[in-house]
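To keep things clear, I will list the structure first and then write my remarks on it.
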Amino acid sequence: MVGGRPLLEYVLENTSFIKPEDTCIIVGYLKEQIMDHFGPSYRYAEQKELCGTGQAVMACEDQFRDFDGTVLITFGDMPLFRYETMKAMCEYHESVGAACTLMTAENDELESWARIVCDKDGRFEAIVEGRDCTPEQEKIKELFAGVLVFDSKKLFSFLPQLGCDNAQNEYYLTEIPELMARAGLRVERYRTDDGNDLRGVNSYEDIAVCEKILSERAAQRDALLAASH
């Protein structure tokens with residue numbers, strides 16, 4: 001809970017340009033409580049084994065089997081993304097005809113976050129999880145924000161190629177953009193200017209930080225509203 005509300009409420013608000021009936025919530029622990037709270041308007045898929053983000057997307061493959069279009073994937077514990085940013089990212093992805101677009105940002109405080117690795121010409125090569133970074137990769141400033149947009153047919157065609165040869169023995173969804181880039185498909189980055197958007201909740205300290213940022217943003221909105229009258 002952040003600000004007295006479930007984290008997922010913020011996420012669903014910030015992606016509410018997508019209709020509930022087109023939104024699939026991947027559940028596992030406390031799935032009954034989540035489904036009861038958010039109700040039957042949303043779709044649900046169960047991740048029975050917690051083996052990474054790639055496996056989470058595999059769990060909802062049947063929900064998208066007949067869908068041919070844009071798919072937005074984000075975490076349920078990151079309340080600081082903004083509606084405008086999420087929507088603009090999806091629009092950018094479609095406008096350039098990318099197979100995948102991933103959100104990035106800079107935030108020097110988030111030392112354990114995944115890095116965006118590019119070639120000498122600045123073209124995307126890979127996302128490397130923080131725990132798997134080499135000392136040289138740890139110096140990279142551009143971080144992966146945890147939000148991806150895919151062409152649905154291309155996403156699910158690449159999913160079977162995922163492996164789990166990494167520090168956590170998990171299926172990382174973040175390998176898919178790398179596989180697409182190697183195959184010559186277009187992988188784009190969409191930068192959010194506020195590095196705090198990347199913050200998620202894994203501890204009580206994270207809750208306090210997120211609540212403080214949300215409070216500051218609300219105060220800024222109120223000040224702008226007052227100034228406009």
Side-chain angles (χ1 to χ4, degrees), residues 7-8 11 26 28-29 47-61 71-81 85-86 89 93 98-120 122-150 154-183 185-192 194-203 205-206 209-210:
L7 290 168
L8 190 54
V11 176
I26 301 167
Y29 178 64
Q47 184 182 9
K48 295 183 179 179
E49 296 181 59
L50 300 181
C51 293
T53 52
Q55 191 191 55
V57 176
M58 292 174 193
C60 70
E61 184 170 4
V71 174
L72 167 68
I73 301 174
T74 187
F75 293 113
D77 61 356
M78 300 181 77
L80 299 180
F81 289 113
T85 305
M86 294 291 223
M89 180 182 177
H93 168 85
C100 172
T101 302
L102 44 104
M103 190 180 293
T104 70
E106 292 187 14
N107 188 326
D108 291 339
E109 295 179 11
L110 304 179
E111 297 178 353
S112 64
W113 256 237
R115 269 60 169 188
I116 300 295
V117 178
C118 298
D119 64 18
K120 59 182 177 59
R123 289 188 294 264
F124 171 84
E125 283 193 335
I127 301 169
V128 181
E129 298 292 329
R131 62 178 69 92
D132 296 321
C133 282
T134 65
E136 191 65 27
Q137 289 169 341
E138 288 177 353
K139 299 175 184 177
I140 296 172
K141 293 291 187 179
E142 188 176 10
L143 307 180
F144 172 55
V147 181
L148 305 103
V149 181
F150 287 101
K154 292 183 175 66
L155 166 63
F156 290 107
S157 70
F158 275 84
L159 266 183
Q161 298 183 41
L162 285 185
C164 57
D165 183 19
N166 51 64
Q168 297 297 105
N169 294 316
E170 293 183 349
Y171 295 93
Y172 291 158
L173 182 65
T174 49
E175 289 182 10
I176 297 291
E178 178 180 355
L179 292 170
M180 287 181 168
R182 287 181 182 176
L185 299 181
R186 184 167 182 170
V187 178
E188 291 286 329
R189 288 126 65 202
Y190 186 88
R191 184 182 292 262
T192 173
D194 190 340
N196 281 323
D197 287 357
L198 279 65
R199 294 183 182 274
V201 173
N202 295 297
S203 67
E205 180 182 352
D206 292 336
V209 171
C210 287

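Start at 1 with the first residue, then count along the sequence. Everything quoted here is computed from the prediction, not taken from an experiment. Values below: all heavy atoms of this structure, side chains included; hydrogens, waters and symmetry mates excluded.
In plain terms, the two heavy atoms of Val201 and Cys210 that are nearest each other are CG2-SG, 3.9 Å. Here the closest non-hydrogen pair linking Leu159 and Gly54 is CD2-O, 4.1 Å. Residues Ile140 and Val117 approach most closely at CD1-CG2, 3.9 Å, considering heavy atoms. Of all heavy-atom pairs spanning Asn196 and Asn107, the tightest one is OD1-ND2, 3.7 Å. Taking every heavy atom of both residues into account, Gly195 and Leu110 meet most closely at O-CD1, 4.2 Å. Nearest heavy-atom pair, Leu148 versus Pro177, reported as atom, atom and distance to 0.1 Å: CD2-CG, 3.7 Å.
Taking Glu106 as the reference, Arg191 meet the salt bridge (charged side-chain N to carboxylate O under 4.0 Å, His left out) condition, with sequence neighbours excluded. The side-chain contact (heavy atoms from CB on, under 4.5 Å) test applied to Asp119 returns Asp121, Arg123, Glu125, not counting sequence neighbours. Evaluation of the salt bridge (charged side-chain N to carboxylate O under 4.0 Å, His left out) rule for Asp77 yields no partner, not counting sequence neighbours. Evaluation of the side-chain contact (heavy atoms from CB on, under 4.5 Å) rule for Ser203 yields Glu205, Asp206 as partners, not counting sequence neighbours. Annotation: side-chain contact (heavy atoms from CB on, under 4.5 Å) contacts of Ile26 (sequence neighbours excluded): Gln47, Ala56, Cys60. In this view, Glu188 and Tyr92, Val96, Ala98, Thr101, Arg186 satisfy the side-chain contact (heavy atoms from CB on, under 4.5 Å) rule, not counting sequence neighbours.
How far SG of Cys100 is from CZ of Arg189: 12.0 Å, rounded to the nearest 0.5 Å. Separating the CG atom in Leu173 from the CD1 atom in Ile127 is a distance of 8.0 Å, to the nearest 0.5 Å. The line from CG of Leu185 to OG of Ser157 is 8.0 Å long, rounded to the nearest 0.5 Å. The distance from the CD1 atom of Ile176 to the CD atom of Glu178 is 10.0 Å, given to the nearest 0.5 Å. In this structure, the separation between CD on Glu111 and CD on Glu109 is 9.0 Å, given to the nearest 0.5 Å.
Side-chain contact between Met103 and Thr85: present, with at least one pair of heavy atoms (C-beta onward) separated by less than 4.5 Å. Annotation: side chain of Thr53 is not in contact with side chain of Leu162 (no heavy-atom distance under 4.5 Å). Contact of the Tyr190 side chain with the His93 side chain is not registered, since no non-hydrogen atoms from C-beta on lie closer than 4.5 Å.
In this structure, Gln161 contributes its side chain and Phe158 its backbone to no donor-acceptor pair below 3.5 Å. Of the possible donor and acceptor atoms, none in the side chain of Thr104 sits under 3.5 Å from a partner among the backbone N and O of Glu142. Judged by distance alone, with hydrogens and angles left aside, the side-chain atoms of Arg115 form no donor-acceptor pair with the main-chain N or O of Val128 at under 3.5 Å.
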Given Asp132 and Tyr172, is the side chain to side chain contact (heavy atoms under 4.5 Å, CB included) satisfied, shown in steps? CA-CA 12 Å; Asp132 296 321; Tyr172 291 158; 3.4 Å; yes
Are Leu102 and Ile116 close enough, and set up right, to give a side chain to side chain contact (heavy atoms under 4.5 Å, CB included), and what steps lead you there? CA-CA 10 Å; Leu102 44 104; Ile116 300 295; 3.5 Å; yes
Side chain to side chain contact (heavy atoms under 4.5 Å, CB included) between Val11 and Phe75, intermediate numbers included: CA-CA 8 Å; Val11 176; Phe75 293 113; over 6 Å; no
Determine, stepwise, if the pair Trp113 / Leu198 fulfils side chain to side chain contact (heavy atoms under 4.5 Å, CB included). CA-CA 9 Å; Trp113 256 237; Leu198 279 65; 3.6 Å; yes
